[in-house]
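Heavy-atom basis, side chains included; hydrogens, waters and symmetry copies ignored. Residue numbers start from 1 in every chain, and the chains themselves are labelled A, B, ... in the order their sequence lines are given, proteins ahead of strands.
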Amino acid sequence: MASTPHIAVIGGGSTGVGIARDLAMRGLDVTLVEQGNLTHGTTGRMHGLLHSGGRYAVSDQASATECIEENRVLRDIASHCVEMTGGMFVKRPEDSEEYFQEKLQGCKECGIPADVVSGAEARQMEPHLAKDVEKAITVPDGAIDPFRLVVANAASAQEHGARIETHSKVTDLLVEDDEVVGLEVEHASGPGKRVHGTEGGTEEIRADYVVNATGAWAGRIGDMADLDIAVRPSKGVMTIMNIRQVDTVINRCRPKGDADIVVPHETTAILGTTDEEVEDPEDYPEEQWEVDLMIETLSELIPMLEEARTIRSFWGVRPLYEPPDVGSEDPTDITRDFFLLDHDERDDLPGMTSIVGGKFTTYRMMGEQISDHVCGKFGIDAECRTADEPLPGSEDFSVLRDYMDEFGLRSPIGRRSVERLGSRADEVLKTEGPNPTVCECEGVTRAEIQDAISQSGSDLNAVRIRTRASMGNCQGGICTHRMASELHGEYDEGIVREAWDELLQERWKGQRHALWGEQLSQAALNYALHATTQNRDNDPAGGDPVDFAAFDSGVDHTDDSGTADVAADGGKPDGD
Amino acid sequence: MAIESEILVVGGGLAGLSSALAAARDGADVRLVSYKQSTLRQASGLVDLLGYTPDGEGPLTDPYAAMPDLPASHPYRTVGVETVREAMAMFDEVSGYEGGHTDTNALLPTHGGTIKPTARYPRGAAAGLASDDRDTLFVGIESMTDFDAPHVADHLDAAGVPFDVRGETIRFPGDLRADAKVTRYAKLLDTNGEVAVRGRKVPAREALAQRVNPLVEDAERVGFPAILGDDNPGAIRDALGDQMGVDVFEVPMGPPSLPGLRLEDKLFEALDESGASFETGNPIVDFDGEGHVERVFMEKNGARIPLSADQYVLATGGLVGKGVESDRDGVSEPVFDCHVPHSDDRYDWFDTDVFGDHPFAGFGVETDDDLRPLSADGDVEFDNLRAAGSVLGGYDFAAEKSGSGVSIATGYAAGTSAAAEVR
């Protein structure tokens, strides 16, 4: 064994990057591999709630206590990813008073700041709450951007020497002498995929220890070494509204149930969710009733949702796990706690640990415990620093300057850019050339797009999750070709075209569940812009050759146009 | 007492304007009312007739030849090829567009870097035809993200265009801010206002030509994004072309589209000259009548103003223009509540592929041979109401590249037929 252990982490979600950052900061060599983009799995498909712990204050007080602790940590180390909106548990007349009191008591027992407000007070805070909401408990819920958080963790891990490989799928676990000694990965290559980094082909990554942090996909990794890891994936729908109907996280104060939360997130509000066990985390039905249920049930709390415009819906798969002997029938009964499965202790196969279950809000704490466990294997006594050191973007950002003037941005765009970038604003926005807006809905400028491209290569979906470009009301109708053009120059036209096609298809996927009313009209407009104006549906590049000579070549206007008079003075093409 | 006219056209897009023009030129007393900005500001300004068959065959060289083979429910089949030709003749006369010298489609470069088949194009796009084999330079503006000239050029090259093509990016002369709108560029060129170039004041057109000139090299034509003026595009192109010794053309872009807006202005001018009256900015919200439209009501400053006519034309647009509306339960036509066929399951309204065969693209009213909307039972809804343009169903304008042509042809047909009724 080398003097510094090399740890291979599988999975580029919040758990994987949290572990990678923690281990790298403790001085270990780390390689993280992810089959898709960062956040490709469940992390990229959650409602963006930074839990106060209130949701678990009755049913699972251990989790609730962890949540409030980590809630405070993340506000500190990830301030540029967090919006402290505050939250409320609201009670309607038909909801149980007994449960309301249990919730209040539970919050107090777990150290979650909680106060009761009257219905009128709640409506003062959130004017669109239903008139018959009786009262509410306020808690410190917040909104958190999972993409930004994961990217910042990965960046920090890289700064500490970790190697991060996205679009690299594990095809096998290397097992020698009854011990896991590494991975075999297939690096995606070619058009549409991350082009920089290791490109194409298979690689054997030998490691002193392997951490399987693949969530709902953990069973698939386990199968490669004949390990039985029975994750019970459970799907949940999230429906995105075009505006923020509320600025506070609104929870329904009743025991577990579908469609009981609205999270304000950036320019949108996200309605959630359902809880249905599925067989395959990559192939499950996305059903109309789930979307309808969100709108109808949550309209009881916020009546205007009934008529509001939704821009898309998406589904995520919770990587739920419970020890085989528990046997819960209903996925909502399965604990949200996480489990560390040391395959040496559990299956007599040393060299690997799997982490399953758990919650996004406590990703850092999970990372710390796994890292402690891994360090223990190697007798390393190194302190965890992830709770104290701010993530890149959240470092020492106490003075908000007037970035609008400084970077020549219109005020709302400048403000939003700086909110997203945090302390990286200087580094990203100080560019040589002009910095026009690429995505108008979300106020994303060229400098941010270029910064994202420098991190993620030619994958426009990776650019999207880093910047929010194409994630607003028009869902990419106006800006997808602009994003593609930003790639061009760095990448060849063919690579750009495939990345563009992938982005168009991805944007379409989630909109399909919002196709009525304004959003159907928007979709029809997007279709017209892309198919009619751009003829992207019949792009001759890559298609059948066109017989150009068979088409109209125009009429000659040389007689009626002016004579040529070439100006002698050149003048520089690119500036004054 | 209602405001009266012989014919009332509801909608001010390409279909409504064509309809009002056709009727007025036939001597009818016509009034046109429109609510919002028409979708022409979102359209490229190219006038497509038929670029691809519903099966995706294409690009078609001869759109007229393909029309008889369209499905019977297609609006071109409803009005017939001869009517389409008459309608295009009227359009050619009033628009000043090119392409009418032949039945053959033209191929034009798009701001997305593809080429598309179209039947009529504004003079400003004429020098850009992709079947013309002259070498081409595209020029983009550094701060304009909608048109990236090197990307467009490389993409066209990959599409196999029969000429050498390059793209260059310049900084626009003068001090326009990074997020200036296309109308700002257009205005500067329209007025030929002076801009500062290395401390010297130079008229904008000259400054732009000077900046592009050293990049021209062997190119015989130069394409710009469609920002070359709103009021004086011809003079601007000529001035730039003269100074650079090349032909200058514009590449149509997305919203706000200057070529689309120029066409709208041109058609409103023609409508004015035809003697029709028009009023924009107020919606038609209701109507009276059963089987026969007696009057409609316009909402204006909170009041309901009745308007009556002998004949009505519904040209309110499709899903994009809100002439067809939907909610979670269904799809409807909001002014006269005409029947719009659609599946009850909204998950049947679309295809899973972004450019798949989308049923929503064909949402609209069904009509009889005289363009009168039909009820679910197949009966004429109102004996004096005809529909034209995107409010019609049964065709996918985006996939076929047939939107403008259907609007002009059905608008013309509806206007002509309505005018015949009142004579």
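- Contact count against chain B (heavy-atom pairs under 4.5 Å) is highest for A:Glu518 among A:Gln522, A:Glu518, A:Lys509.
- Annotation: side chain of A:Glu486 is in contact with side chain of B:Thr145 (closest heavy-atom distance under 4.5 Å).
- Side-chain contact between B:Asp396 and A:Tyr527 is present, with at least one heavy-atom pair separated by less than 4.5 Å.
- Considering every non-hydrogen atom in both B:Glu142 and A:Arg446, the closest pair reads O-NH1, 2.8 Å.
- Taking chain A as the reference chain and counting heavy-atom pairs below 4.5 Å, the highest number among B:Asp132, B:Thr61, B:Asp48 is found for B:Thr61.
- There is no contact between B:Glu325 and chain A, counting heavy-atom distances below 4.5 Å.
- If you measure heavy-atom distances from A:Leu525 to chain B, the contacts under 4.5 Å come from both the backbone and the side chain.
- Contact count against chain A (heavy-atom pairs under 4.5 Å) is highest for B:Pro162 among B:Gly45, B:Pro162, B:Gly254, B:Ala361.
- For the atom pair CZ (A:Phe551) and CG (B:Asn105), the distance works out to 6.5 Å, reported to the nearest 0.5 Å.
- If you measure heavy-atom distances from B:Ile115 to chain A, the contacts under 4.5 Å come from both the backbone and the side chain.
- Residue contact with chain A, scored on non-hydrogen atoms closer than 4.5 Å, is absent for B:Ile141.
- Interface residue B:Asp353: backbone and side-chain heavy atoms are both found under 4.5 Å from chain A.
- Contact annotation for A:Gln511: neither backbone nor side-chain heavy atoms come within less than 4.5 Å of a heavy atom of chain B.
- Between chain A and the options B:Ala130, B:Gly234, B:Gly99, the largest number of non-hydrogen pairs under 4.5 Å is found for B:Ala130.
- Using a 4.5 Å cut-off between heavy atoms, A:Arg507 does not touch chain B at all.
- Within the 4.5 angstrom heavy-atom criterion, only side-chain atoms of B:Thr102, from C-beta onward, approach chain A.
- For residues 532-546 of chain A, heavy-atom neighbours of chain B at less than 4.5 Å comprise A:Thr532, A:Thr533, A:Gln534, A:Asn535, A:Arg536, A:Asp537, A:Asn538, A:Asp539, A:Pro540, A:Ala541, A:Gly542, A:Val546, sorted by residue number.
- Ranked by heavy-atom pairs shorter than 4.5 Å toward chain B, the options A:Ala550, A:Ala484, A:Gly517, A:Ala528 are led by A:Gly517.
- The OG atom of A:Ser485 lies 13.0 Å from the CE atom of B:Met144; values are rounded to the nearest 0.5 Å.
- Here the straight-line distance linking atom NE2 of A:His530 with atom OG1 of B:Thr114 works out to 11.5 Å at 0.5 Å rounding.
- The main-chain N or O of B:Val320 is never found under 3.5 Å from a side-chain atom of A:Ser521 such that the two would form a donor-acceptor pair.
- In this structure, the portion of B:Tyr52 lying under 4.5 Å from any heavy atom of chain A is its side chain and not its backbone.
- Residues satisfying the ring pair (Phe, Tyr, Trp, His ring centres under 6.0 Å) test with B:Phe355, not counting sequence neighbours, are none.
- Taking all atoms of both residues into account, the shortest heavy-atom contact from A:Pro434 to B:Arg171 is CD-NH2, 3.5 Å.
- When all heavy atoms of B:Val161 and A:Phe548 are compared, the pair lying nearest together is CA-CZ, 3.7 Å.
- No part of B:Val216 comes within reach of chain A, as not one of its non-hydrogen atoms sits under 4.5 angstrom from that chain.
- Most heavy-atom pairs under 4.5 Å with chain A: of the set B:Phe360, B:Phe397, B:Trp349, this distinction falls to B:Phe360.
- Of the atoms belonging to B:Thr118, not a single heavy atom falls under 4.5 Å from chain A.
- Ranking B:Ala127, B:Gly330, B:Ala158, B:Ser44 against chain A, the residue ahead of the rest is B:Ala158, based on heavy-atom pairs under 4.5 Å.
- B:Asp157 contributes atom CG, which lies 8.5 Å from atom CD of A:Glu493 (distance to the nearest 0.5 angstrom).
- Checked for salt-bridge contact, A:Glu307 and B:Arg328 miss the test: no charged N lies under 4.0 Å from a carboxylate O.
- With sequence neighbours excluded, the residues satisfying side-chain hydrogen bond (donor to acceptor under 3.5 Å, both in side chains) with B:Glu400 are B:His74, B:Ser402.
- The closest donor-acceptor contact from the side chain of B:Lys401 to the backbone of A:Ala531 lies under 3.5 Å.
- Inter-residue side-chain proximity for B:Arg346 and A:Val291 is flagged as met; some heavy-atom pair is nearer than 4.5 Å.
- Inspection of non-hydrogen atoms places A:Ile478, A:His481 of residues 472-481 of chain A under 4.5 Å from chain B.
- Taking every heavy atom of both residues into account, A:Leu520 and B:Ser326 meet most closely at CD2-OG, 3.5 Å.
- A side-chain donor-acceptor contact under 3.5 Å links B:Ser131 to the backbone of A:Asp552.
- Note on A:Glu296, A:Glu506, A:Gln519: by heavy-atom pairs under 4.5 Å with chain B, the leading option is A:Glu296.
- There is no contact between A:Leu487 and chain B, counting heavy-atom distances below 4.5 Å.
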Full working for side-chain contact (heavy atoms from CB on, under 4.5 Å) between A:Arg497 and B:His151: CA-CA 10 Å; A:Arg497 190 169 359 116; B:His151 185 204; over 6 Å; no
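- Of the listed residues (B:Asp62, B:Asp148, B:Asp103), the one with the most heavy-atom contacts under 4.5 Å to chain A is B:Asp148.
- If you measure heavy-atom distances from A:Asp547 to chain B, you find no contacts under 4.5 Å at all.
- The contact between B:His155 and chain A is made by backbone and side chain atoms together, counting heavy-atom distances below 4.5 Å.
- Proximity of a side-chain donor or acceptor of A:Arg512 to a complementary backbone N or O of B:Thr352 within less than 3.5 Å is detected.
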